[in-house]
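The next block holds one structure in the form of structure tokens; read it before the comments.
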Amino acid sequence: MTTKPSDSQPPQYASASLDAWGKAAAKSAPGGDVSALNWHTPEGLDVKPLYTAADTQNLPHTHTLPGFEPYLRGPQATMYTVRPWTIRQYAGFSTAQESNAFYRKALAAGGQGVSVAFDLATHRGYDSDHPRVTGDVGKAGVAIDSVEDMKILFDQIPLDKVSVSMTMNGAVLPVLAGYVVAAEEQGVPQEKLSGTIQNDILKEFMVRNTYIYPPAPSMRIIGDIIEYTAKFMPKFNSISISGYHMQEAGANQALELAFTLADGREYVKTALAKGLDVDEFAGRLSFFWAIGMNFYLEIAKMRAARLLWWRIMKAFNPKNPKSLMLRTHCQTSGWSLTEQDPYNNVVRTTVEAMAAVFGGTQSLHTNSFDEAIALPTETSSRIARNTQLIIQEETHITSVIDPWAGSYMMEKLTQDMADKAWEIMEEVEALGGMTKAVDSGWAKLKIEAAAAEKQARIDSGKDVIVGVNKYKLKTEDAIEARDIDNVAVRDGQIALLKSIKAKRNSEHVQQALHAITLAAENNTGNLLDLSIQAIRLRATVGEVSDALEKAFGRHRADTQKVTGVYAAAYDHAHGDTMEFWNALKAEIAAFGSSEGRRPRVMIAKLGQDGHDRGAKVVATAFADLGFDVDMGPLFQTPEECARQAIENDVHALGVSTLAAGHKTLVPAIIAELRKQGADDIIVFVGGVIPKQDYDFLYASGVKGIYGPGTPIPVSAKDVLAQIKKAITGLSSNK
């Protein structure tokens, strides 16, 4: 007969000491060394295979509660048990009409807010008729030239009820002004508008590069927006301080956390310098995190973020508790999506969404599985949206607040992440703050080094990506991809611009634009207020941007690249991987000996696509292999790019494209090289390119196409072969 312990006498369990566990684990550990089981993360943290109460006994935050200082366990006391996170769908493509139709369908199918992606022409403050944006209009987002486009974008979407998030930084003044005026003409006053404008320019100088003006005047713009929204738009978040794009550009979780919070501290100082009280605006600041496949560290990062932001804001002595709370939107990683075996991306996005939810996000966007190939289709967008609905409605995850609380591992990782990020933030302060750390290029180089190291770990097989460098399919099924007719979109936008300019009072518009320029020059007035006045008169995004540029100038970034980081990751490679690497280096060295110079390549970005992670990593890897590498500046036209390639006497020109402009810009650069008598320069392309476009590009004269997941040494060997072939062809023709 089995005896049952009484309620007052809990059963006694056999217990073992940590030493005893260590001896047992050593029997299975490599070389009998339990420390070999530790996971050494890119952040420099050692994650142990086992955590116990001893790891958390001195951590003060383990006894805190959600909704109370330091808010580590969540900014609200009840979190998702009363109100789950907001489901957002970040989207925008082609015209305002097409994007509006997408938003309305998404809202009807369970979406709870609109999140707008603008095309690169709009981001960079150019109207669609500008000659520098021929390949960018409507491609990687929706084209917005005026308030008329903005009115169409939100047609039949009640802006007093639906919150709107807008990812906009460079042309933030005319775009936010267009939203405000569109709402007014819909009958919705400013005080009823809810949502977020990203308005985070410091990270643009580090990673995303959709800046327009230099850092100092850009910070002035941020201050004016915080000031205006605090007075007239009390429900609207004046800034979304973004780490997302840092992680997408290669930052590890600690760098993303540290740099984002350091940016936030800089923005608070900027608002205080405008004469605002901290409680007037701090409660409307929000954050934006990337959520990648580093599951445990992503959860720890979000918990640590709330702890550190509370610590930062305490120093400003706010009286309102909301000024101490970090509230955040999250988006699953776009970089983690693979072109190969893309249905795996559904699983990746689900895992990342779970990490965001366990971390306590306030809103979430889930990426579509086909975004490593092209803009998402309606089918893939529905799957992405339903991923969130299933988590909310079917799992009961929302029934428990902070379910990882009390986990020995998670509580220790939270503290480790906080300590590591704080250490980096102290480095930033020693440099004079984040504006100086960004302006010097230091922050950007830290992220680029992390990106190069990560890519080398993948290419060498140290980090496994299923379907890419392990468990690869022999044949890939074709995936439906959305294609945008860039020429048709641009023609339509130009026609609308002509119509608007023909109907408006041009004299009044010019007066309003001149007032913006004077205010920018003299540091008077509020630039958002003046932009709203100009947009009401039907000034365009490009005209407002130009009015500011007259006073501020347009920023030109220095092009730098890291060296040695990619090669260092191969130091511990072995087998076929190391043999291939060494053989390729020897082949490149032999080329240099026989030709009298090393193979020379130029890596270029064309149009307004500022996503330069791939370009910088390729440049680093090629240089480490032994190529001479030139980096073209961002935002080149085909004519400018061809001229530089010829002047630098390169053998090959590589075009990195992530913004869907390849069908316009790549044929243009090939035509320009021919026009300038340099058709012996071979052209290769890398980035997000649908397989359906390969034949078109090859027919245009491209010699090599290297999509996402292509190991860089493989592409480098092919480029070298193409260079040799071109040289042989030239010799035989002489």
Side-chain angles (χ1 to χ4, degrees), residues 168-173 176-177 196-206 211-234 236-242 258-287 308-320 322-327 425-440 442-443 515-532 548 551-553 555:
M168 178 52 62
N169 303 281
V172 63
L173 286 169
L176 181 54
T196 305
I197 186 78
Q198 191 161 98
N199 193 27
D200 174 8
I201 202 64
L202 286 175
K203 70 95 172 51
E204 296 295 328
F205 294 113
M206 274 189 278
Y211 46 71
I212 301 176
Y213 317 109
S218 295
M219 293 296 286
R220 152 94 192 266
I221 290 170
I222 286 172
D224 280 10
I225 290 172
I226 293 174
E227 178 185 52
Y228 184 93
T229 54
K231 291 179 180 177
F232 302 111
M233 302 169 69
F236 196 82
N237 297 328
S238 56
I239 191 166
S240 173
I241 305 153
S242 173
F259 287 170
T260 306
L261 295 181
D263 282 352
R265 177 158 54 188
E266 202 88 340
Y267 295 141
V268 170
K269 291 177 181 177
T270 298
L272 293 175
K274 295 287 292 183
L276 294 173
D277 181 86
V278 66
D279 288 321
E280 286 186 83
F281 65 89
R284 301 312 306 175
L285 303 178
S286 70
F287 287 79
L308 293 181
W309 187 243
W310 168 81
R311 186 190 298 177
I312 288 167
M313 293 307 294
K314 271 287 190 181
F316 295 107
N317 299 312
K319 297 179 178 62
N320 189 336
K322 289 186 177 180
S323 298
L324 300 167
M325 298 178 187
L326 184 149
R327 297 163 302 110
M425 290 176 69
E426 288 183 327
E427 286 187 72
V428 171
E429 285 299 290
L431 290 168
M434 204 61 197
T435 301
K436 290 185 178 178
V438 168
D439 210 17
S440 70
W442 174 83
I516 292 172
T517 301
L518 285 179
E521 287 175 343
N522 302 327
N523 197 24
T524 57
N526 183 285
L527 294 176
L528 177 55
D529 183 27
L530 292 166
S531 296
I532 290 171
L548 291 160
F552 295 153
H555 181 66

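All values reported here derive from a predicted model rather than from experimental measurement.
Asp279 and Ser323 form a side-chain donor-acceptor contact under 3.5 Å, judged by distance and modelled atom types alone.
Each salt bridge (Lys or Arg N to Asp or Glu O under 4.0 Å) pair with one or both residues in residues 517-526, not counting sequence neighbours, would appear here, but there are none.
Between His555 and Tyr211, the ring planes lie perpendicular to each other; the angle is over 60°, past the 30° to 60° tilted range.
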Should Leu326 and Met313 be marked as a side chain to side chain contact (heavy atoms under 4.5 Å, CB included) after you check the CA-CA gap, both sets of side-chain angles, and the distance that decides it? CA-CA 10 Å; Leu326 184 149; Met313 293 307 294; over 6 Å; no
Check against side-chain hydrogen bond (donor to acceptor under 3.5 Å, both in side chains), Asn199 and Tyr267: CA-CA 10 Å; Asn199 193 27; Tyr267 295 141; over 6 Å; no
Determine, stepwise, if the pair Ser240 / Gln198 fulfils side-chain hydrogen bond (donor to acceptor under 3.5 Å, both in side chains). CA-CA 4 Å; Ser240 173; Gln198 191 161 98; 4.7 Å; no
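Comment: Asp277 does not engage Lys319 in a salt bridge, judged by the lack of any side-chain N to carboxylate O separation of less than 4.0 angstrom. Ion pairing of Glu429 with Arg265 is present here, as a side-chain N (NZ or NE/NH1/NH2) and a carboxylate O approach within less than 4.0 Å.
Residues Asp263 and Lys203 share a closest heavy-atom pair of OD2-N, 3.9 Å. The two atoms that bring Ala443 and Met434 nearest to each other are CB-CE, 4.0 Å, heavy atoms only. Counting all heavy atoms, side chain and backbone alike, Ala437 lies closest to Leu431 at CB-CD1, 4.1 Å.
With sequence neighbours excluded, the residues that form a side chain to side chain donor-acceptor pair (under 3.5 Å) with Tyr228 are Gln190. For Asn317, the side chain to side chain donor-acceptor pair (under 3.5 Å) criterion is met by no residue, not counting sequence neighbours.
With values rounded to the nearest 0.5 angstrom, Ile225 atom CD1 is found 10.0 Å from Met233 atom CE.
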